[in-house]
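Have a look at the structure below, then the notes.
All heavy atoms count here, side chains included; hydrogens, waters and symmetry mates do not. In this chain, residues are counted from 1 in sequence order.
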Amino acid sequence: MSDLHIVGVHGIWQGDTDTTRLTADWRAALTRGLTRHLGPHTTIPPMTVPHYSPAFTAPRRRLGAAKPTDHEPIGPNEEAFILETLAHYAPDAPVRAAADAPSALGLGLPYLPRPVAAAIAGIDRESGRGTGALLVGAIRQVHKYLHHPDRAEQIRATVLDAFTTPGTRLAIAHSLGSVVVLDMILRGQIPPADGHGQGLATLVTCGSPLAWPTVRRGIGQEGRSLRLPDGIAWINLHARGDAIAQARGLASVAPDVHDVEVSNGLGEPHAATRYLDKEPIARTIAADGH
């Protein structure tokens, strides 16, 4: 594993960290998994987790830190995107929840249009309180990547820089990161392995929203099966209770993917670090290091 370098691509809600801390957190989780499943003397390969969240902040007009864009007003196009994505979870939730819309506005998200608040209430009724707001937060950042070209270009440039590190044959992409990496592969920005140790050989996705029809349309794959170029193996981890991944794999939209269900516990089943210490990732790293 001495010449293997891993690139990790993070998901949503990483505004209060940076590349150094993200890389340390991800590598610590990988180390736990590698030593637990392969033994205490296993070599831990270097990795980089580029921090692209600054693309989701808006500069202030006065002195001070940039502020997150999560509370930007929701326009008509974004509202339609949110409602279509939420309908993928509970098609009749907006209708059934119409009477609950006023209470949904008290979830700490007062900027939500009433139809979105109604959908949140319906999803919470079916999947548990807090699920709808969690999904909307994730959906908003996915929408910003897919429908704000300047932000998306900044994100891809940040991620692409990490892939120039020699020995980068394995990428681990979590949540929105899986959308970013797949989009970059389809754009030809991340080349597949060429048989001479160059290019990406394996993509591991975790907690991915790539099953959302809105996402597939946003990356130009509506009505198509998601496929990687020859030379890249694709492994997808999904966990019970992970609402973003709908607790299921990607085989229904990506026939060549190898889906693996894992258990991340009840507390934070979508958390990247919960996925990173699992045995399938440890075995994949070991295989790619030889």
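Residues Tyr52 and Gln14 are not in side-chain contact: their nearest non-hydrogen atoms beyond the backbone lie 4.5 Å or more apart. Counting only heavy atoms from C-beta outward, the side chains of Asp230 and Pro192 never approach each other to under 4.5 Å. Under the 4.5 Å side-chain criterion, counting only non-hydrogen atoms from C-beta, Val215 is not in contact with Gln221. Between Val179 and Leu176, the closest side-chain pair of non-hydrogen atoms falls below 4.5 Å. At a threshold of 4.5 Å between non-hydrogen side-chain atoms, the residues Thr168 and Ile6 do not count as touching. Put simply, the side chain of Ile82 reaches to within 4.5 Å of the side chain of Val136, judged on heavy atoms. Taking the side chain as every heavy atom from C-beta outward, Val49 and Met47 approach each other to under 4.5 Å. Contact annotation: the side chain of Pro115 approaches that of Leu83 to within less than 4.5 Å [non-hydrogen atoms, C-beta and beyond].
Counting only N and O atoms by type, the side chains of Thr131 and Asp124 include no donor and acceptor under 3.5 Å apart. Side-chain contact annotation: Thr85 with Thr214, donor-acceptor N/O pair under 3.5 Å present. Residues His238 and Ser208 bring no donor and acceptor atom of their side chains to less than 3.5 Å of each other.
For the side-chain contact (heavy atoms from CB on, under 4.5 Å) criterion with Val159, the lone passing option out of Gln154, His10, Met184 is Met184. Here the rule is side-chain contact (heavy atoms from CB on, under 4.5 Å) with Leu203, and of Val9, Ile232, Thr284 only Ile232 fits it. Of the listed residues (Asp259, Asp256, Thr205), just one forms a side chain to side chain donor-acceptor pair (under 3.5 Å) with Trp234, and that residue is Thr205. Each of His143, His88, His148 was evaluated against Phe81; a single residue qualifies, His143, per the ring-ring contact (aromatic ring centres under 6.0 Å, His included) test. Only one option out of Leu237, Ile285, Asn236 pairs with Pro280 in a side-chain contact (heavy atoms from CB on, under 4.5 Å); it is Leu237.
We find the NZ-CD1 distance between Lys144 and Ile155 to be 10.5 Å, quoted to the nearest 0.5 Å. Between Arg224 atom CZ and Leu186 atom CG the span is 9.0 Å, to the nearest 0.5 Å. Between atom CZ of residue Arg156 and atom CZ of residue Phe163 there is a gap of 13.5 Å, rounded to the nearest 0.5 Å. Summarising the geometry, atom CG belonging to Leu146 is positioned 11.5 Å from atom CD1 belonging to Ile139; distances are rounded to the nearest 0.5 Å. Here the CD1 atom belonging to Ile190 is positioned 11.0 Å from the OG1 atom belonging to Thr164, to the nearest 0.5 angstrom. Between Leu200 atom CG and Asp194 atom CG the span is 11.5 Å, to the nearest 0.5 Å.
Summarising the local packing, CD of Gln189 is surrounded by more than 12 heavy atoms from other residues, nucleotides or ligands at distances under 6.0 Å. Other residues, nucleotides and ligands contribute more than 12 heavy atoms inside 6.0 Å of the CD atom of Glu279.
Closest of all the heavy-atom pairs between Ala162 and His5 is O-CE1, 4.5 Å. Across all non-hydrogen atoms, the minimal contact from Pro269 to Asn264 is O-ND2, 2.8 Å. Among all heavy-atom pairs drawn from Gly231 and Ala193, the shortest one is O-CB, 3.6 Å. The heavy-atom pair separating Cys206 from Tyr275 by the smallest distance is CB-CG, 3.6 Å. The minimum heavy-atom distance between Arg21 and Asp16, with the atom names listed, is NH2-O, 3.4 Å. Considering all non-hydrogen atoms of both residues, Ile235 and Val257 come closest at C-CG2, 4.4 Å.
With respect to Arg274 and Asp242, no salt bridge is recorded, no charged nitrogen being found less than 4.0 Å from a carboxylate O. For Arg217 and Glu84, the salt-bridge test passes: some basic side-chain N is under 4.0 Å from an acidic carboxylate O.
A donor-acceptor pair under 3.5 Å is absent between the side-chain atoms of His147 and the main chain of Asn77, judged by distance alone. Side chain of Arg140 to backbone of Leu135: no donor-acceptor contact under 3.5 angstrom is found. For His174 (side chain) and His270 (main-chain N/O), a donor-acceptor pair under 3.5 Å exists by modelled atom type. For Arg169 (side chain) and Asp288 (main-chain N/O), a donor-acceptor pair under 3.5 Å exists by modelled atom type. Listed for the Ser175 side chain is no donor-acceptor partner under 3.5 Å among the backbone atoms of Gly177.
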Considering only distance and modelled atom types, tabulate donor-acceptor pairs under 3.5 Å from the side chains of residues 24-33, sequence neighbours left out.
{"unit_1": "Arg27", "atom_1": "NE", "unit_2": "Pro45", "atom_2": "O", "d": "3.2"}
{"unit_1": "Arg27", "atom_1": "NH2", "unit_2": "Ile44", "atom_2": "O", "d": "2.8"}
{"unit_1": "Thr31", "atom_1": "OG1", "unit_2": "Arg27", "atom_2": "O", "d": "2.7"}

>> Would His51 and Thr17 count as a side chain to side chain donor-acceptor pair (under 3.5 Å) here? Give the steps.
In response: CA-CA 8 Å; His51 184 231; Thr17 185; 5.7 Å; no
